[in-house]
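To keep things clear, I will list the structure first and then write my remarks on it.
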There are 2 protein chains.
Amino acid sequence: MFKKVLVAEDIDSINEGLIAILKKTFNFDVHHAKYCDNAYLKIRKAQQDGRPYDLLITDLSFKQDHHTNTLNSGDELVAKLREQNIPMKVIIYSIEDRPEKIRTFFKRLNINSYICKGRNSTKEMVRAIKMLTETDQYVSAELQQTLRAAPVMEIEEYDILLINELANGNAQDEIAFLFKKQGIRPASKSSIEKRINRLKNYFKAKNTAHLVSIVKDMGLL
Amino acid sequence: MFKKVLVAEDIDSINEGLIAILKKTFNFDVHHAKYCDNAYLKIRKAQQDGRPYDLLITDLSFKQDHHTNTLNSGDELVAKLREQNIPMKVIIYSIEDRPEKIRTFFKRLNINSYICKGRNSTKEMVRAIKMLTETDQYVSAELQQTLRAAPVMEIEEYDILLINELANGNAQDEIAFLFKKQGIRPASKSSIEKRINRLKNYFKAKNTAHLVSIVKDMGLL
DNA sequence: CAATTCCTTACGGAAATCCGTAATAGAAAA
DNA sequence: TTTTCTATTACGGATTTCCGTAAGGAATTG
């Protein structure tokens, strides 16, 4: 069972609600941080003091305010922890429910569980924590299904870069120029045209504006 | 002072955190609803029973699930209440912090207060509730500033409709046709062209895709 | 009732995109 | 090295958007 737990979450009502439940249900030493930077520092310090955290529960998006932070989101925080091989289990607790996004967190950040904020999320959280004392990874049946359901599309980094340039208002000529300068490989206007066409076809977009709109709605941008 | 309060919020941790604070701070009879439809029904029933709610605290976005709802967001809920002249004060409590959005809630829904979910939002909430027992409207100094800061643009309903059609991938010809059919007034391709141009100029957009992207990011769409 | 003004519509050339075809380069296989 | 295959690039015509100018229409004003 975990002993020392850190909750990284900026919204106070969630913070307080969640911590109350954790304390009531488990016998944790629960701390919390309202900023990612602050969370990172606490984790580092705890480790150096020989009393490391066993578990991090973190939100994804944190509001910007007058504080200037180097880490601006939960995934950046986790990435940094993983990079530095700080050994602790991680649960992401967020409103984000798009499978494309969630899949990348398991894949790239090797998180141990993901809980969608929702109508039964505290119960889910309790279950996940209990499971993680035994296994290394926990995905609820419901989440498993949504992750399975969405067909893995063959959209690459390149496509996202491309659509991003379109969303920034660059013409195909300009994108070709930019890509050549940056050494991004298919860089000719012709290839870019072709790729945009493929994407429009894939997303059933009638034109460029439509494509940008669709991809933005999906949260890929 | 209020007596009977309804909290409409789907995320359980927020729900529980907020309600705990309301009960601790005030002496309210606090109820809660996890769906907009459910909230509406409770409000109607309470009114018919002669024990109406004095105050509604509602989130904006609610997650979709297997339940089929007629009301899908907090603003729709409030709109319906206002439409039917159900007398109660309303506080919207949401993560949404874009001034364009918040302004419309005060303007169109005549809400009594707006609290951004954030690092000090429960304190803000308590203050707002206290203020609303005396005055009809409460806007925190901080929020006032952000609302003032953004220059009120002369963007009309028509412009939003137009950009929406662009985001849906309709060509200028098609939009002209649609607008003619729906009796939306400047409907000629020429006028539409001109209007799009004005918008691109206003938002400093290089082309249509850019325009859609900007407006989507601002939350006007 | 004519004049002015503002808004809508019409038109046309320049630019960008759309879309298919063909040439070329680069890598893998023989 | 040659062959084969695939990915990239080049090109050209059809379509759409872009952008300025001008005509038409309705409301306002003198």
Side-chain angles (χ1 to χ4, degrees), chain A residues 151-218 220-221, chain B residues 151-218 220-221:
Chain A
V152 184
M153 60 178 78
E154 66 285 346
I155 299 295
E156 311 162 23
E157 195 72 22
Y158 179 85
D159 297 296
I160 301 300
L161 279 173
L162 185 50
I163 299 174
N164 199 47
E165 293 303 334
L166 291 176
N168 288 335
N170 292 312
Q172 298 180 358
D173 281 336
E174 296 173 311
I175 298 176
F177 181 75
L178 277 173
F179 278 12
K180 269 169 197 149
K181 203 168 64 178
Q182 296 173 28
I184 298 172
R185 266 299 309 194
S188 74
K189 189 184 161 192
S190 183
S191 292
I192 286 168
E193 269 183 43
K194 193 166 288 221
R195 198 69 165 238
I196 292 173
N197 223 44
R198 197 178 73 92
L199 286 166
K200 283 195 294 197
N201 202 53
Y202 184 90
F203 288 110
K204 295 176 182 38
K206 290 200 260 181
N207 53 41
T208 311
H210 197 193
L211 178 64
V212 167
S213 170
I214 291 170
V215 173
K216 257 191 160 25
D217 282 343
M218 288 184 64
L220 290 173
L221 223 67
Chain B
V152 184
M153 60 179 78
E154 65 286 346
I155 297 297
E156 311 163 22
E157 193 73 23
Y158 179 84
D159 297 296
I160 301 299
L161 279 172
L162 186 51
I163 300 174
N164 200 46
E165 294 303 333
L166 290 175
N168 288 334
N170 291 312
Q172 297 180 358
D173 280 335
E174 296 173 310
I175 297 176
F177 181 76
L178 277 173
F179 278 12
K180 268 169 198 149
K181 203 168 65 177
Q182 295 174 29
I184 297 171
R185 266 298 308 189
S188 74
K189 190 184 161 192
S190 183
S191 292
I192 286 169
E193 271 183 42
K194 192 164 290 220
R195 199 70 165 236
I196 292 173
N197 223 44
R198 198 178 72 93
L199 287 166
K200 283 196 293 197
N201 202 53
Y202 186 90
F203 288 109
K204 294 175 181 37
K206 289 201 259 180
N207 53 41
T208 311
H210 196 194
L211 177 64
V212 167
S213 171
I214 291 170
V215 174
K216 256 191 160 24
D217 282 344
M218 289 183 63
L220 289 173
L221 221 63

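Just so we're on the same page: letters track the sequence lines, and every chain starts at 1. On a predicted model such as this, the values are computed, not experimentally measured, just so you know.
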Next item on the list: Give the rounded distance in Å between these two atoms: CZ of A:R195 and C1' of C:dC19.
Entry: 17 Å
Notebook entry, point to check: Just how far, in rounded Å, is P of C:dT17 from CZ of A:R198?
Noted result: 20 Å
Checklist line | Minimum heavy-atom distance between B:Y158 and B:P186, given as atom pair plus value | finding: OH-O, 2.5 Å
Item checked: Residue pairs passing the ring pair (Phe, Tyr, Trp, His ring centres under 6.0 Å) test where at least one lies in residues 180-201 of chain B, sequence neighbours excluded -> none
Note to self: By the salt bridge (Lys or Arg N to Asp or Glu O under 4.0 Å) test, which pairs, at least two apart or in different chains, include something from residues 166-177 of chain B?
What the structure shows: B:D173-B:K189
Check: Which residues pass the salt bridge (Lys or Arg N to Asp or Glu O under 4.0 Å) test with B:E157, sequence neighbours left out?
Finding: B:R108
Notebook entry, point to check: Among B:L178, B:L161, B:L162, B:I175, which residue meets the side-chain contact (heavy atoms from CB on, under 4.5 Å) test with B:I184?
Noted result: B:L161
Next item on the list: Check the surroundings of atom CZ in B:F177: do more than 12 heavy atoms from other residues, nucleotides or ligands lie under 6.0 Å from it?
Entry: no
Item checked: Between C:dT8 (P) and B:I184 (CD1): distance, integer Å -> 13 Å
Collect all protein-nucleotide pairs involving nucleotides 9-12 of chain C in which both atoms are nitrogen or oxygen and the distance is under 3.5 Å.
{"residue": "C:dT9", "atom": "OP2", "partner": "B:A187", "partner atom": "N", "Å": "3.1"}
{"residue": "C:dT9", "atom": "OP2", "partner": "B:S188", "partner atom": "N", "Å": "3.0"}
{"residue": "C:dT9", "atom": "OP2", "partner": "B:S188", "partner atom": "OG", "Å": "3.1"}
{"residue": "C:dT9", "atom": "OP2", "partner": "B:S191", "partner atom": "OG", "Å": "3.1"}
{"residue": "C:dT9", "atom": "O5'", "partner": "B:S188", "partner atom": "OG", "Å": "3.3"}
{"residue": "C:dA10", "atom": "N7", "partner": "B:S190", "partner atom": "OG", "Å": "2.7"}
{"residue": "C:dA10", "atom": "N6", "partner": "B:S190", "partner atom": "OG", "Å": "3.3"}

Notebook entry, point to check: Rounded to the Å, how far apart are A:N201 CG and C:dC18 P?
Noted result: 13 Å
Notebook entry, point to check: So, for B:A209 and A:T208, which heavy atoms are closest and what is the spacing to 0.1 Å?
Noted result: CB-CG2, 3.9 Å
Check: Using a cut-off of 4.0 Å on non-hydrogen atoms, how would the nucleic acid contact of A:N207 be classed: base, sugar-phosphate, or nothing?
Finding: nothing
Check: At how many degrees, to 10°, do the end axes of the helix from C:dC1-D:dG30 to C:dA30-D:dT1 meet when each uses five pairs?
Finding: 20°
Checklist line | Beyond-backbone contact of B:K216 with A:D217, side-chain heavy atoms, under 4.5 angstrom | finding: yes
Item checked: Atom-to-atom span, CG of B:L199 to P of D:dC19 - whole angstrom -> 13 Å
Item checked: Length of the CG-C1' vector between A:N197 and C:dG20, whole Å -> 10 Å
Notebook entry, point to check: Checking all strands, does A:K200 fall into the base, sugar-phosphate, or nothing category for heavy-atom contacts under 4.0 angstrom?
Noted result: sugar-phosphate
Next item on the list: For B:F203 and B:L211, work out which heavy atoms get closest and say how close.
Entry: CD1-CD1, 3.7 Å
Next item on the list: Can you tell me the distance, in whole Å, between the CD1 atom of A:I196 and the C1' atom of C:dA16?
Entry: 12 Å
Notebook entry, point to check: Can you tell me how far P of D:dC18 sits from CG of B:L211, to the nearest Å?
Noted result: 10 Å
Checklist line | Non-hydrogen atoms of B:I214 and B:A205 that approach each other most closely | finding: CD1-CB, 4.0 Å
Note to self: Within the structure provided, determine whether B:I196 and B:E193 are in side-chain contact (heavy-atom separation under 4.5 Å).
What the structure shows: no
Notebook entry, point to check: Do any of residues 162-176 of chain B sit with a heavy atom less than 4.0 Å from DNA chain D, and if so which?
Noted result: B:A171, B:Q172
Margin query: For a quick test of reading the model: is some side-chain N or O of B:T208 closer than 4.0 Å to OP1 or OP2 of C:dA16?
Written below: no
